[in-house]
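This report refers to the structure that appears directly beneath it.
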Amino acid sequence: MNPLIIRQRDTATGPVLHVAGDLDFDQAPVLRGRLDQLALSPGQCLVLELSGLAFCDSSGITALLAARQHALAADADIVLAAVPANLHRVLTLVGLDQVFTLRPDSSAAS
């Protein structure tokens, strides 16, 4: 098991959260808690940079959906960047590639 590590950097367009480790049943509340403390302004874009994500289960996907709701509630956008291939496949299988904006990296958000 890899601990969940979340690093934040703020950009002109909004916050970028670098999420690494395992986003699973035990760790998903860590991301949700971080999001609850994250102030977003209308028009900003929250970027979740996932290149360091080692594992993501259904609880992790639910936390990503909660991040989307948090952004939408603030009238902000959300982008998932550098999504690992295995998670990208799952998101595509369940149709969430149509719900999230997926980018190959976070450079668009710098």
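Because the structure is a prediction, the values reported are computed rather than measured. Computed over heavy atoms, backbone and side chain alike; hydrogens, waters and symmetry mates excluded. Counting from 1, the numbers follow the sequence of the chain as shown.
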If the condition is side-chain hydrogen bond (donor to acceptor under 3.5 Å, both in side chains), which residues does [X] pass it with, not counting sequence neighbours?
X   : answer
D10 : Q8
N2  : D22
Q37 : none

**Item:** Hydrophobic cluster membership, I5 vs V19, 4.5 Å side-chain cutoff
**Value:**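 The answer is no; the residues belong to distinct hydrophobic clusters.
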**Request:** Say whether L4 and F25 are linked into one hydrophobic cluster, either directly or through other cluster members, by side-chain heavy-atom distances under 4.5 angstrom.
**Result:**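 The answer is no; the residues belong to distinct hydrophobic clusters.
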Output side-chain donor-acceptor pairs under 3.5 Å for residues 62-89, partner residues at least two apart or in another chain, one line each.
from, atom 1, to, atom 2, distance (Å)
T62, OG1, S58, O, 2.9
H70, NE2, L35, O, 3.0
H70, NE2, L38, O, 2.8

**Message:** Distance check, rounded to the nearest 0.5 Å: D24 atom CG versus M1 atom CE?
**Reply:**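 Between D24 CG and M1 CE, I get 5.0 Å after rounding to 0.5 Å.
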**Asked** How many angstroms lie between atom CG of L31 and atom OG of S59, to the nearest 0.5 angstrom?
**Response**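 Taking CG in L31 and OG in S59, the distance rounds to 12.0 Å.
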**side chain to side chain contact (heavy atoms under 4.5 Å, CB included) assessment of L23 paired with F55** = CA-CA 6 Å; L23 186 54; F55 176 79; over 6 Å; no
**Prompt:** Do L40 and P15 have side-chain heavy atoms sitting under 4.5 Å apart?
**Reply:**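 Yes, at least one pair of side-chain atoms sits under 4.5 Å.
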Show me, pair by pair, the donor-acceptor contacts under 3.5 angstrom made by side chains of residues 43-54, not counting sequence neighbours?
from, atom 1, to, atom 2, distance (Å)
Q44, OE1, S41, N, 2.8
E49, OE1, H18, ND1, 3.2
E49, OE1, S51, OG, 3.1
E49, OE2, S51, OG, 2.8

